[in-house]
Structures are given as C-alpha cells and as structure tokens.
Visitor: 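Please read through the structure below; I'll follow up with questions.
Letters A, B, ... are given to chains in the order of the sequence lines, protein chains preceding strands, and every chain is numbered from 1.
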Protein chains: 4
Amino acid sequence: MSQGRDRGGRPRSEPARAAVLWAVDDLLAKVGYAAMTMKGIAELAGVSRMTVYRWWSTKAEILFEASALDAEEELTVPPDDDPFEDVTRYLEALHYFLTRSHAGAAYRALLGEAQHDPAVAALLAGRDILGDTARAVVSRVAPDADHDRATALLIGPMFFWILSGRDPARIDPADLARTFLAQISPDSRVDG
Amino acid sequence: MSQGRDRGGRPRSEPARAAVLWAVDDLLAKVGYAAMTMKGIAELAGVSRMTVYRWWSTKAEILFEASALDAEEELTVPPDDDPFEDVTRYLEALHYFLTRSHAGAAYRALLGEAQHDPAVAALLAGRDILGDTARAVVSRVAPDADHDRATALLIGPMFFWILSGRDPARIDPADLARTFLAQISPDSRVDG
Amino acid sequence: MSQGRDRGGRPRSEPARAAVLWAVDDLLAKVGYAAMTMKGIAELAGVSRMTVYRWWSTKAEILFEASALDAEEELTVPPDDDPFEDVTRYLEALHYFLTRSHAGAAYRALLGEAQHDPAVAALLAGRDILGDTARAVVSRVAPDADHDRATALLIGPMFFWILSGRDPARIDPADLARTFLAQISPDSRVDG
Amino acid sequence: MSQGRDRGGRPRSEPARAAVLWAVDDLLAKVGYAAMTMKGIAELAGVSRMTVYRWWSTKAEILFEASALDAEEELTVPPDDDPFEDVTRYLEALHYFLTRSHAGAAYRALLGEAQHDPAVAALLAGRDILGDTARAVVSRVAPDADHDRATALLIGPMFFWILSGRDPARIDPADLARTFLAQISPDSRVDG
DNA sequence: TACTAATCGAGACGGTACGTCCCGTCTTTGG
DNA sequence: CCAAAGACGGGACGTACCGTCTCGATTAGTA
C-alpha cells in the first residue's frame, strides 16, 4: 500500500512535519499572515529552513495543510430534521468559522492571497471547503435545487458581510436561514 | 477660499503624482499585486523612491487612490423605472467589475490584503465602494427595506461566487436580481 | 573698500553666517565630524539648507573657517628670552591644541579627511597653521637653522604620538623641547 | 590542533573573502577612500552585499585586513651592522610606505578616519604597525633607550612632514637618521 | 556488520526589496 | 538678490527574507 519507493535512506521526520504545522498555526495567530515567513516558521518549529522547503513550497501550502482538516470539521454540522434548524446551525458554524475560528483565520488569509496569487487560488480550488460543506446542507434541505446557485445564496450574504469588514454582530444566522429557505423553495420564485 | 496657504516651499509635483498612480495601475495588470513593489512603482513612474514614500506609505494606499474613483463610477448605474432592470444592470456592472475591470482587479487585491492586514482593512472601511453603490440601488427599488440586510443579499451571492474562485460564467445576474427582488418585497417575507 | 559689486539685492545675512559657524563647532563637539552633515548644520543653525550651500561647498570648508582663527591664536606663544622656555611653551600649547582644544579637534578632523580627500588637503595647504606658528618659534630660537627641517623636528614627535592614538600623558613637552634644541644646535650634529 | 570544530553549516567561501579584499584594494586606488562604499566593494568583488556585512562591519575593517600584512612587510627592514644604514633603510622604507605604497595609502586613509572615528582608532590601536616596526629598529641600534620616546623621535618628523601635506621630496631619510642617532646615543643627551 | 542513500541541523551564498538618510538642486513665496 | 521652506532625483545605508547550496552527522533498510 505504501506509495513512493523508499529504497533505503533516512525516512521523513514526522516530528519535524508536526512541528512545522504547529508553528505555522501559532505564527498566524501571533504575528498574522503577512508577517509570517518561511524563516520564522522554521525557527519557531526548531527545524532547518531546508527541511521546510523540502516538503512545502510556500507558506500558503503549509497553512492550507495545517488548517484544511480543522476547517472541514468545523463546518460540518449534524443533520437536523428541521430544515430551518439545519441551515441555521450551518450558518452559525460559518459565522463562527469566519470570525472567531483559528482555521477560519487561515482560510481568510489564504482566500485573500488567492485574489492576487494564482498559485494560492489553485491550491484552494483543489479542495472546496466552503462549497463542499454547504452542498451537504443543501442536499439535505433542498435536494432538487440547483446546488451551485443554492450554495451561493446560502453562503454569499454572510461571506460578503464579514470579508468586506462589516460588523459581524449585525448579521443574524437565523434571519439568513429563513431568507435562504424562502429563496430556494420554488413557490417563492417570481417569474420574469 | 483654500485653507492651508502655501507658505514657501516647492509645490508638490503633479506630474510625479500622476506618474505614480499610472504606474501602479500598469504594474497591477502586468505583474500582479504580489510582485508589485514600491521600488518597481518608483522606477516605472520615473520618480525617486523617496517621493513615493513622501506621499504614500504602502502600495495598497497608492492602488486605492488610483482605483477608487474608477470603481465608484463603474458601479454606479443609471436609475431605471423597472426595478428588475435596475437591479439586473447593477449586478451586471458588479459582475463586470469583479471579473474584467481594471479597477475591480485593484479592489480584489486590496480586499484580499485586508483579510490579513488591518491597515488595508481600515483603508477600505474608509470608503465603502460596494456598499455605497449597492445602497443606492436598494433605496430605489426597496426604500423601506433594511438597507444593510438588503445589501448583503444583493451583493453576497455574486461576491462569494467570484471571490471564491468559481467560474464567473456560471452565475446569472438576471436570476440573482429576480431572487433578490422576490426576497426583499415585504409580502414575500416568511415570518418567524 | 567693499569688494564684490553689491549691485542691489538683499545683502548677505551676517546672523546666518555666524549661526552656521557656531553650529558647525557645536556639532563637531556633540556628534563628531563623521556624523556631521550639511543638513544637520543648517537645521541647528536655524538656516535654510540652500543658504549654507550658497556660501560653502562642504562641511570641511565651514569647519575650517570656523576654527582657523582660534587655532592660530592658540598656537601663538609670547616670545621668551630663554629658548628652552620658549620651545617648551610652544610644545605645551601644541599638546593642549591636539588633545583638548576645540579648534584642535577641528584640525585633527580636517587633517584626517585630507588624507583621502584632495579638496580638503588643498584647503589645509592654503593656510599652514602648524607650520606658520612653529616657524615663528624656530626663527626666534634658531634663526640660522633650516626652518623646514627644524619644523619637522619640533612638531613631528608629538604630532605622531598623538595622531597615532598613543596616550598623550606619556609624552613630555619639556623633554621634547630639550631634545629639539640639542638637535638643531650645530655642535650636536654627528657627521656621516 | 585547530580549535573551533566546524559543527555543521556551509563553510565560509575563501574565494569570496579574497575577492572582497582584492576589491577594496582596487577601489582605494581607483576612486579613493571617501568614494569607496560597501555597495561598491560588494559589486566589484562580485559578491552579495550581505556576505560583506557578514564578515566585516565597515570599509575600514576590510581595508585594514587587506593591507596590514603588506604594511608590516614593507616596513620590516633587514638588520644592518651599521646603525646609520639600519636606520636610514628604515626611514627610506617609511618614506616609500607613506608616499608611494599601496598599503601605505590604506594606512593613511585609516589613520585619517581614526581622527574622527573611535572605532577605526580602536582598530588601529589593536595592531601598531608603525610602532612595532620602529621598535624593532630601535632595539637594534639603541637597546637601552626609552623605546617609546625613541619611536616618536624616529618616526615623528617624517610622519608629520608627509601627513601634513608637505612635499615629500624635501625630506631626507639619511639626514633624519643622522639626527636621530645623535639624539638617542646616551652621551649626546643634554641633561636637565 | 558494513554499506547505501536520503534526511536532518546548520549556516553561508547571491539576490532583491525594504524604509531611511543625506546629497545637491530646484522652485515656490516673501522680505 | 537673498532667505526659508520644502519637494525633487539620486544613491548608499544596514536589515530582512528569499530560495539555493554545501557541509557534517544521523538513521533507517539492504547486502
């Protein structure tokens, strides 16, 4: 099952890998994404700079590896029989994720970088965390809807509100959930 | 009427100012935001590096000054008696702005930077281009609605779709306009 | 008697000139020659930078103008009938000049600069402060000696001792005076 | 026998070190000490600026390292049974050193800088090239004399003559040697 | 029990942008 | 014509991080 040839040689140091992932997370919180450097990560991890470059190309890659799992977990809500509750729980999780979560801070930093760095954009496109988790909710509460359109309607308002720097307290997950459910129920459609 | 009389000293060079603003715009298109440097801007503008630093602190400030006016203009649509047309025109302008416009590329770069640079966030907060132009539309088609909530619903889906790197062709301004109008008309509200 | 045409126009500001000369002296003591800049001089003098450049080309020129008179005065000793006393008084003045005097610090700085700046070397060559004052002593105590050779023998040892950074306390003007007088009296010459 | 074991790390590049020392020497001759810059040295040596700063703090340090050995060699004269010849050869070497030698030009530049830069003064104090070489001569021709005093008498006159910018042709090593020997022989001393 | 081969740390290397400082000049207003 | 003010192009400063490159020292699996 093991991939890669492994013909002799010293195996990759797992402690080093873990230390780097931990360090990148720690630095994001302490100094912010912009001030985070490959050099700083290596030093905080107590690892040679060469070792970092051997396994990752950019700080974005490290940060993504360090936070993707957490992000997916935080945005996965247990199914609820009541669609309104289901959607509300998801939007509450999204609100927490975008404003208070550690993994969410990493996501915002990466999405910000993706606006002007195609490599980071490609990295994020490879694993659509927000889209996947939203689609899971959509397929439960509106299995027949256009999933892409529904995802945009579900995530969009809160995403815009928070990423454009508005006061997170002034947006209400329950209200958005109600609006979303009204929007995707066919009878509420206004025909052109 | 002008305050702050020019008490001595050589006046600021308008050609230099214009050259810097032009250079920053040119560089954004040619090399991208990340590869844009204060040094590069100064050299392309044919201006001393000191002169750039004298008037702006960061490339973000220059870029903002260079693009804010254009952005506001591009997102201002003429009123239309038909609300659907009015909103659709705005969303079309927004779509163009976020995907193809020069000023929009600047906005995306700045908003990206704002995710991990409080100074840039403050800069953008000072002039809410998207919010202001959206509010203008909202106050025409739904003067009684909560403007903040309506703005989020209007802009959010397209904003999310494009900034999260999805295919811009797969989102339809007219459809979003219809959905938006259905939602903000009081009679379509679902009461809690 | 006034030289220069003086055809109208505002006359040179004497307060400004004095302020610059004072400032250059003050700065030499406070920050040292190397850290002294034209900008700093102008600011301390409360004078426009342009005004400094209008009348002097370099800080060396200003410093020379500010200290030459004082230097000449400090190194001029009153004649004494006893040659030993005469020479000793001169060497004591020279010792004080090179180690403790304000004007002497300026001289050392300029002579240092002259080692690698021909312009400063030319400036110093224009007014031979040490040579002139030493020659005055020599012409009193040994009017028939070769004045150049005598000057070198008189000044050289102390000049070398102090400028090469040795402890000034370990050199004795009286001893040097005695040695000098022995050297320049013909009967002490050892024929080759 | 070598202490300081090489515990990891790429070893210092000897070619880089040599290139810098060569460059500093070349620049001193070509553009002079004042116009010599760390940037210029690095560029001429084909070496990164950081590499220069890693090993030296100032151009003075580099110049000192580049010229001290040569200086010591140039000022070391072979012993001669005839004291007059011995001293004359030394003074001739000193004359050449101060007026025509490459290493001597470096020494003059450094001694000049030392007049207003304590760091350079300390640098020169650490290796007393003139003093050491002169003391070697003194201990041969006048082992019983006060070496410090004798050094000042030996070097001083020529040192002053040349560093104060006088015509080097008008000073005669043989004459100075004769005068010096007459002075330091105990029997020629004038008692106080 | 060696040998092999990739990893690890350490740290120097050339390169480049940073933001600051001073240079000497120029261009205003105002005495 | 001079002076103060202050912006201008130029260029060196010393620092930081980039990504690459030797090094010696480890640390498995393989022979």
Visitor: Assign each of B:M38 and C:M38 to its nearest nucleotide of DNA chain E by heavy atoms, then name whichever residue's nucleotide is nearer the 5' end.
Guide: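 Its nearest nucleotide lies further toward 5', so the answer is B:M38.
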Visitor: Quickly work out the B:K39 NZ to F:dC17 C1' distance and round it to whole Å.
Guide: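 Rounded to whole Å, this separation is 16 Å.
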Visitor: Find the distance B:R54:CZ to F:dC8:C1' and express it as a whole number of Å.
Guide: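 In whole Å, F:dC8 C1' lies 7 Å from B:R54 CZ.
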Visitor: Is C:R49 side chain donor-acceptor paired with the E:dG24 base, going by distance under 3.5 Å alone?
Guide: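 In this structure, the two groups form a donor-acceptor pair.
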Visitor: Does any donor atom in the side chain of B:D25 or B:H102 lie under 3.5 Å from an acceptor atom in the other side chain?
Guide: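 Yes - a donor-acceptor pair under 3.5 Å links their side chains.
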Visitor: Send over the distance from B:E43 CD to E:dG19 C1', rounded to a whole Å.
Guide: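 Value for this atom pair: 15 Å.
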Visitor: Assign each of C:A35 and B:S57 to its nearest nucleotide of DNA chain E by heavy atoms, then name whichever residue's nucleotide is nearer the 5' end.
Guide: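 Here B:S57 is the residue nearer the 5' end.
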Visitor: Hey, is C:R108 close enough to C:E113 for a salt bridge, meaning N to O under 4.0 Å?
Guide: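 The answer is no: the pair does not qualify as a salt bridge.
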Visitor: Under 4.0 Å, heavy atoms only, any strand: does B:M50 hit a base, just the sugar-phosphate, or nothing?
Guide: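 Touches a base.
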Visitor: Give one of base, sugar-phosphate or nothing for C:R12, where a contact means two heavy atoms less than 4.0 Å apart.
Guide: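 Contact class for C:R12: sugar-phosphate only.
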Visitor: May I have the distance from C:W56 (atom CH2) to E:dC23 (atom P), rounded to whole angstrom?
Guide: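 Those two atoms, CH2 and P, are 15 Å apart.
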Visitor: Select from D:G40 and B:G9 the residue whose nearest nucleotide in DNA chain F is closer to the 5' end of that strand.
Guide: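 Looking at DNA chain F, the more 5' nearest nucleotide goes with B:G9.
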Visitor: With sugar-phosphate meaning primed atoms plus P, OP1 and OP2, does B:S13 contact a base, only sugar-phosphate, or nothing at under 4.0 Å between heavy atoms?
Guide: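 Touches sugar-phosphate only.
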Visitor: Would you mind reading off the distance between A:L44 atom CG and E:dG9 atom C1', rounded to a whole angstrom?
Guide: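 Taking CG of A:L44 and C1' of E:dG9, I get 17 Å after rounding.
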Visitor: Considering all heavy atoms of both residues, which atom of B:A103 and which atom of B:A71 are nearest to each other, and what is their separation?
Guide: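 Distance-wise, the nearest heavy atoms are CB-N, 3.8 Å.
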Visitor: Closest approach to the side chain of D:T37, judged atom by atom: which nucleotide of E:dT27, F:dA12, F:dG10 is it?
Guide: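 Within the option list, the nearest is F:dA12.
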Visitor: Whole-Å distance between F:dA3 C1' and C:R17 CZ?
Guide: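 For the pair C:R17 CZ and F:dA3 C1', the rounded distance is 17 Å.
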Visitor: Is the positively charged end of C:R12 above the ring of C:W55, judged by distance under 6.0 angstrom from the centroid and angle within 45° of the axis?
Guide: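 That pair qualifies as a cation-pi contact.
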Visitor: Rounded to the Å, how far apart are B:Y53 OH and F:dC8 P?
Guide: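 Going from B:Y53 (OH) to F:dC8 (P), I get 16 Å.
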Visitor: Is the phosphate of F:dG9 approached by B:T51 (side-chain N or O, under 4.0 Å from OP1 or OP2)?
Guide: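 B:T51 to F:dG9 OP1/OP2: side-chain N or O found under 4.0 Å.
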Visitor: Using modelled atom types and a 3.5 Å cut-off, is there a donor and acceptor pairing between side-chain atoms of C:S67 and backbone atoms of C:L63?
Guide: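 Checked: pair present.
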Visitor: Per the atom types in the model, does the base of F:dT26 pair as donor or acceptor with the side chain of A:R10 at under 3.5 Å?
Guide: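 Check passes, donor-acceptor contact within cut-off.
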Visitor: Of C:W55 and D:T58, whose closest DNA chain F nucleotide lies nearer the 5' terminus?
Guide: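 Between the two, 5'-proximity favours C:W55.
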Visitor: Could you state the CD1-C1' distance from D:I41 to F:dC13, rounded to the nearest angstrom?
Guide: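 It is 13 Å, rounded to the nearest whole Å.
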